Structures are given as C-alpha cells and as structure tokens.
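Take a look at the structure set out below.
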Amino acid sequence: MYYPVSLKVGGERCLVVGGGDVALRKAKTLARAGALLTVISPALLPGFRALRAAVRRRPFRAGDVDGHVLAIAATDAPEVNRAVYQACRRRGIPVNVVDVPELCSFIVPSVARRGPVTVAVSTEGLSPSLAKALRERLEEVLPASLGGLARRLGARRRKILSEIPPSPGRTRRLKALLRKADLR
C-alpha cells in the first residue's frame with residue numbers, strides 16, 4: 001500500500017535518466033512543477049531542447065544521483081533502470097522506475113488539474129490504464145472554474161485565520177466557507 005503525498009519540487013534538483021518519449025513526458029511534468037532538472041542519456045529526443053535542464057549526453061553513472069531529491073528512470077534498458085534504482089536506494093533518494101513498480105519507492109498517479117486543485121488517481125501500479133480512464137472521467141465532471149473557487153476560498157481562509165484566534169467559532173466559520181461555495 002502506498003502513502004499518497006504531493007511533493008514540492010520547485011527549486012529542487014530532480015534527475016531523469018532516459019531520452020525517449022516517456023522520459024520527456026516525465027521531465028516536462030517536473031519542469032512545470034519548477035524542478036531544477038538534470039537529464040542523462042546518450043541520446044535525446046529534440047523535445048528536450050525546449051526544457052531548461054542540465055543535459056549530460058552519456059550513459060548513467062551511480063554518482064549521478066548525488067544531490068538530487070528524486071530520480072526517475074525511464075530508459076528501455078532494464079540494467080540501466082536497475083542501476084538507477086540501486087544507486088538511489090543506497091543514498092535514500094526516492095526513485096521511480098517507469099512501469100516497474102517493484103523498482104519504485106514512489107509511483108506517479110494519473111493527475112487532473114484545475115488551477116491549484118489536483119486530483120490524483122492511483123492503482124498502486126497495478127493498472128495505469130485504469131487510473132488514466134478514471135482520471136479522464138473525473139476531468140469530464142470537474143468544472144473549469146474549480147481553480148478560481150479554490151483561490152477565492154484560500155483568500156477567505158487566510159483572512160479568517162489572521163483575524164480570529166483559534167476557537168470553535170473560527171472552526172465554524174472555516175467550515176461554512178465550503179457550504180456557501182458553488183461547486184458547479
């Protein structure tokens with residue numbers, strides 16, 4: 001069983017090993033989250049050029065994981081993926097080997113976003129296609145306005161927290177915020 005968590009990677013060094021489609025998709029997602037990317041692969045798709053990343057066009061070395069807060073291995077070479085996994089595990093660095101759950105200390109869920117609202121669906125690596133199908137269904141029902149609602153509720157929450165000391169009255173006011181919100 002996995003423990004669900006959202007990681008703040010903005011400004012943090014993250015490693016992607018691999019230069020193909022899957023590695024590019026993972027790198028783009030990390031870049032959107034503000035990660036400081038390092039990409040290592042002897043060959044890279046042209047799409048990597050658009051990313052702000054430190055690129056090392058060479059084979060992976062175990063020491064490459066040093067200084068990174070997480071790593072993703074997305075190569076078509078099982079021995080390289082296993083080497084990334086082993087190097088990370090020895091150093092206590094969270095690692096995801098794409099499509100090999102037994103070589104992952106974390107998995108990446110299928111994600112639907114509406115501004116700051118993130119809905120993640122996971123099958124704990126058992127069926128990524130089911131997670132994707134569920135995420136697509138959720139995207140159909142999540143209103144486009146959800147991000148704006150979250151921002152408005154956040155501003156009101158901050159105001160209540162700054163104006164009212166901890167008390168049952170403050171708790172009631174905070175709970176009332178959502179009851180008054182229009183989730184359509």
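None of these values were measured; they are calculated from a predicted model.
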Within a 6.0 Å radius of atom [atom1] on [X], are there more than 12 heavy atoms belonging to other residues, nucleotides or ligands?
| X | atom1 | result |
| --- | --- | --- |
| R90 | CZ | yes |
| R173 | CZ | no |
| R157 | CZ | no |

Specify the closest pair of heavy atoms between [X] and [Y], including all atoms of both residues, with the distance to one decimal.
| X | Y | value |
| --- | --- | --- |
| R179 | R172 | NH2-O, 4.1 Å |
| A27 | F48 | CB-CE2, 4.0 Å |
| A53 | V39 | CB-CG2, 4.1 Å |
| R113 | T118 | NH1-OG1, 3.0 Å |
| P165 | E163 | CD-O, 3.9 Å |

Would you confirm whether [X], through its side chain, and [Y], through its main-chain N or O, come within 3.5 Å as a donor-acceptor pair?
| X | Y | result |
| --- | --- | --- |
| T171 | G169 | no |
| S105 | V95 | yes |
| S127 | T123 | no |
| R82 | P78 | no |
| E124 | Y2 | yes |
| S41 | L44 | no |
| R137 | A133 | no |

Quick check: do [X] and [Y] have side-chain heavy atoms less than 4.5 Å from each other?
| X | Y | answer |
| --- | --- | --- |
| L51 | L24 | yes |
| V100 | V98 | no |
| R135 | V119 | no |
| E12 | L36 | no |
| I107 | S122 | yes |
| C14 | L30 | yes |
| I72 | V17 | no |
| L15 | L37 | no |

Using the rule that Ile, Leu, Val, Met, Phe, Trp and Tyr join whenever any side-chain heavy atoms are under 4.5 Å apart, tell me whether [X] and [Y] fall into a single cluster.
| X | Y | result |
| --- | --- | --- |
| V108 | L130 | no |
| V117 | L134 | yes |
| V22 | V111 | no |
| L177 | L146 | yes |

Item to check | K26 and D21 ion-paired at < 4.0 Å | outcome: no
When rounded to the nearest 0.5 angstrom, what is the spacing between [atom1] in [X] and [atom2] in [Y]?
| X | Y | atom1 | atom2 | answer |
| --- | --- | --- | --- | --- |
| L103 | R89 | CG | CZ | 10.0 Å |
| E139 | K132 | CD | NZ | 10.0 Å |
| F60 | N81 | CZ | CG | 10.0 Å |
| N96 | F106 | CG | CZ | 4.5 Å |
| L70 | I93 | CG | CD1 | 9.0 Å |
| D64 | R56 | CG | CZ | 6.0 Å |

Item to check | Pair I160-R170, side-chain contact (heavy atoms from CB on, under 4.5 Å): steps then yes or no | outcome: CA-CA 7 Å; I160 290 169; R170 180 170 92 173; 3.8 Å; yes
Item to check | Candidate pair V84 and V97, rule side-chain contact (heavy atoms from CB on, under 4.5 Å), full reasoning | outcome: CA-CA 8 Å; V84 174; V97 177; 5.5 Å; no
